[in-house]
Each structure stands twice: as structure tokens, then as C-alpha cells.
Amino acid sequence: MSELKTIEILGGGPGGLYTAILVRRLLPDVKVRVTEQNPEGATFGFGVVFSDRALDFLKADDPETHELIVPHMECWRDMTLNLPNGSVTLDGVGFTAVGRLELIEILKGRARDLDVEIRFGTTVRTVEELGANLVVGADGLNSLVRRSFEGQFKPTLEYFDNHFAWFGATVPFDTLTQTFIETDKGPLNAHHYRFAPGRSTFIVECEHETYKNYGFDRMPEDESAKLCSQLFGDVLQGTELITNKSMWRQFPRLWCENWVAGRKVLLGDAVHTAHFSIGSGTRLAMEDAIALVHALKDHPDLDDALAAYQAGRPPIARKIVDAANTSATWYESFGVKMRLPPLAFAHDYLMRSGRITEERLRKIAPRFAAEYANAQATGV
């Protein structure tokens, strides 16, 4: 029998910290440590968004942590699509959001209250130097753990065609909003939502041709932010976008065939990515953590536990990742879709991931569904 006594977690984001919290709660005799290469208090990005029911898993599994997070979340019941020829409100399409740094601070405090050792500003150069019974790679897209055992994890990594930059804004938008604009150099889209009373995430996205036409590939970060502030000046109410490593990127599409390599295991963005358009990345990482630690708890033998995690978790995560990939693909031709009437565009948008049927649409967004059905019937 392979007994578990020590766990080293590489990565101090939500997935890594929550894994440590669960280990202390469910495996109190196991020693656990988290190592993060960035300094304490540093984070990239702005807000983390969840669908309105996405934290139900946390409430069921860990009500104490759920109660710590919820008071800090911004919540709304509707979604707004802004188009050049009108706006559409999607009732019942609710979301919640919290600042990424705030979420990390909450989880860090909870972990320390449970006596988890956390090292910040520490670079690990080889996985072998960690020397634990189990190493958990929660270290993101550029995961050292995955790269060190790539032949065993068998990752596939590709990139979507669209380009995006992640900014912040000081406008507290009422709902999660998508603003689509047409310019003389091509169409652009902004995903924006508040994550604190006076702060919002503002992600600007465009197709490759628009990206090249504007010269974003040659533009410094501050110049890019200034230009995007002008392009979306109406919705930003004349305010300037805020930068934080806000360089233009293409979203990675990562999936590993194997999540376990010997006594090394991956979770979160180290093993899979889910496009931001469905707001599931952080949720998936935390659900991965739950699946892993429960497997460790339920199987006294470490190898049996890891085999259970490998067998049980990827098929569940794959459904959400596939929906995210389908959603991301929809955005690669949003400029053409903008020619549709607003209600038809909104309907096409809602159906983009393949997870919503007409019947489900009538249940979750009855006002929009009725308005769209009326427009179809009358030919408006």
C-alpha cells in the first residue's frame, strides 16, 4: 500500500489554494505546502466571473469557504448585448463575480487558518526538488509539472484565431454586458462586468484581420489601452481602461490525455483550459481540487486514489471544456453575425455552446424567448 504523508502543491492561484484547504479539512494527518513563484499580493487579471449557479458545488462541499466568498461577490440576474443597431436584454442569464485578488486573499486566509504553509516569491526549478509523496501541478498554462513530464501527460495545445486583451474599468456595469462595435478597420467586441462596487473587468476581443489592421501586434500596452478606451468610449462613459499585464494574446486550447503521471497530478489550467466566454475556468479548477482530494480521502492507497481521479474527473470536465471551445469558435465569426437583426443575433449567441435547447431557453429566459418568438412569427 502506498501511504500518503506529504503533498506539495505548485501554484498559489484559486485551484492550488483550494486543494490545500481541502487537504487540511479532509486529510488532517497529511502535511501540505503551497509554493507560488509570484510575490504575495501579486495577481494578473481583474475579476473572476461565475454563472449564477456555479458556486452551488462549493456550497454543498464546503459551506464555510462558500460563506467567506459570497459576501464579496457582485450578482445580477440579466445579461445585456449591445449592438450597433440596438441592445437586447437576456433575462435569467445570471452571473456572479469577485475580484481575482480578493478571491485569492480569501482562500489564502482560510488556508493559513488551517495551518497550511504557503511560500510566495519562490521559484521551483525542478519537480524533483519538492520531494513529496504527491506533487500537485496547479501552476497554470505554463505548468512546470506538465512540461517536466510531457510525454506522460500527453498534452495537446492549440490556439484560437481571435485576439484579446484583458483590461479593467472604473465603470460599475449593471449586468454582464457584451458590446459589439463596427469600425473602419473591422469589428470588435468587449466582454465587461463589475467585480466590485466601482471596478469592472473589460476584455476586448477581435478577429485576426481587425487585430492586424489596428496594429495591436506592434502597439505598447498603454497605447493599446488608450485606443481601446476611445473605441469603446460610449460604454466606458469617457473613462480610461486600466492595465495589468494587458497584452494581446490568443486563447490557448489545452487538454491533457492523462492527468496523472506516477505521483504527479495536474488540475486547473495546467491540464485544461476553458474559454472565458462561459466563465468556467476558476470553477473547473476548484471542482478538479474537490475531485482529487475526495479521491485521496476515499482510497487509502495513493495509486488507487490517483487512478480514481484519472477515471472520474476528465470526462466531467471535458463536457464543460467542449462547450467552452464551441463558444469560443462562435466568436471567431462574430463580425458576420453582427449583420443579423438584434433579436436574431441574441438568439444565435445564446445557442452558441450547444447546451441550450429552445425548451430550456423558454425556461431560463422567458421574456426574451417570447420576444424572439413574436419577432419570428411577425417577420420583424
Side-chain angles (χ1 to χ4, degrees), residues 1-36 55-66 107-108 110-119 124 127-140 143-146 148-149 152-154 256-272 282-318 320-321:
M1 177 178 291
S2 304
E3 189 176 359
L4 179 61
K5 295 182 178 179
T6 58
I7 298 177
E8 289 278 2
I9 300 170
L10 202 56
L17 289 170
Y18 194 56
T19 301
I21 290 168
L22 290 175
V23 170
R24 296 302 303 141
R25 287 181 57 238
L26 302 179
L27 302 166
D29 295 330
V30 175
K31 183 178 179 181
V32 60
R33 180 171 67 175
V34 177
T35 301
E36 168 58 46
L55 283 183
D56 285 358
F57 77 91
L58 185 59
K59 184 176 182 179
D61 188 77
D62 184 359
E64 295 89 350
T65 301
H66 182 267
L107 295 176
K108 182 179 69 178
R110 173 93 165 116
R112 283 179 168 159
D113 286 345
L114 294 170
D115 295 324
V116 173
E117 181 185 355
I118 307 174
R119 299 188 296 174
V124 175
V127 175
E128 287 74 19
E129 70 188 70
L130 294 172
N133 298 136
L134 178 64
V135 175
V136 178
D139 47 343
S143 169
L144 172 67
V145 181
R146 188 188 70 248
S148 299
F149 300 91
Q152 293 167 263
F153 287 120
K154 298 183 179 179
C256 289
E257 181 179 332
N258 297 319
W259 293 27
V260 176
R263 303 293 173 76
K264 317 297 186 296
V265 61
L266 300 176
L267 59 81
D269 283 353
V271 72
H272 56 65
T282 301
R283 167 195 169 187
L284 278 171
M286 296 177 76
E287 288 182 331
D288 291 347
I290 291 172
L292 173 61
V293 179
H294 276 274
L296 295 172
K297 176 179 179 293
D298 294 342
H299 297 81
D301 182 84
L302 176 56
D303 295 317
D304 290 347
L306 296 178
Y309 175 67
Q310 174 69 63
R313 180 57 187 162
I316 296 172
R318 187 78 204 212
I320 300 175
V321 169

How long is the gap from [atom1] on [X] to [atom2] on [Y], to the nearest 0.5 Å?
X: Leu292; Y: Leu134; atom1: CG; atom2: CG; answer: 6.5 Å
X: Leu17; Y: Ile9; atom1: CG; atom2: CD1; answer: 8.0 Å
X: Leu284; Y: Ile316; atom1: CG; atom2: CD1; answer: 11.0 Å

Return the set of residues passing salt bridge (Lys or Arg N to Asp or Glu O under 4.0 Å) with [X] (not counting sequence neighbours), or none when no residue passes.
X: Lys264; result: none
X: Arg313; result: Glu287, Asp288
X: Glu117; result: Arg33

Applying side chain to side chain donor-acceptor pair (under 3.5 Å) to Thr65 and not counting sequence neighbours gives Asp62, Arg110
How would you list, by chain and number, every residue that makes a side chain to side chain donor-acceptor pair (under 3.5 Å) with Glu129, sequence neighbours excluded? Thr126
Looking at residues at least two apart in the chain, or sitting in another chain, which of them share a side-chain contact (heavy atoms from CB on, under 4.5 Å) with [X]?
X: Asp113; result: none
X: Asp139; result: Leu10, Ser143, Leu144, Val145, Ala270
X: Lys31; result: Thr6
X: Arg24; result: Val32, Leu114, Val116

Side chains of [X] and [Y], heavy atoms from C-beta outward: is any pair under 4.5 Å?
X: Ile320; Y: Arg283; answer: yes
X: Thr282; Y: Met286; answer: yes
X: Arg146; Y: Val271; answer: no
X: Leu22; Y: Leu27; answer: no

Where is the tightest heavy-atom contact between [X] and [Y], given as atom of each residue plus distance?
X: Val34; Y: Gly12; value: CG1-CA, 4.0 Å
X: Leu266; Y: Cys256; value: CD1-SG, 4.1 Å
X: Ala308; Y: Ala295; value: CB-CB, 4.4 Å
X: Leu267; Y: Ala285; value: CD1-O, 4.2 Å
X: Ala289; Y: Tyr18; value: CB-CD2, 4.2 Å
X: Gly13; Y: Glu36; value: N-OE1, 4.2 Å

Does anything in residues 291-300 form a side-chain hydrogen bond (donor to acceptor under 3.5 Å, both in side chains)? List the pairs, not counting sequence neighbours.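 Sorted result for residues 291-300: Asp61-His294.
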Looking at residues at least two apart in the chain, or sitting in another chain, which of them share a ring-ring contact (aromatic ring centres under 6.0 Å, His included) with Tyr309? Trp259
Show your reasoning for whether side-chain contact (heavy atoms from CB on, under 4.5 Å) applies to Thr35 and Glu8. CA-CA 8 Å; Thr35 301; Glu8 289 278 2; 4.1 Å; yes
Less than 4.0 Å between a side-chain N and a carboxylate O, is that true for Asp303 and Arg263? yes
Audit row: Leu296, Ile7, side-chain contact (heavy atoms from CB on, under 4.5 Å) steps and yes/no: CA-CA 11 Å; Leu296 295 172; Ile7 298 177; 4.2 Å; yes
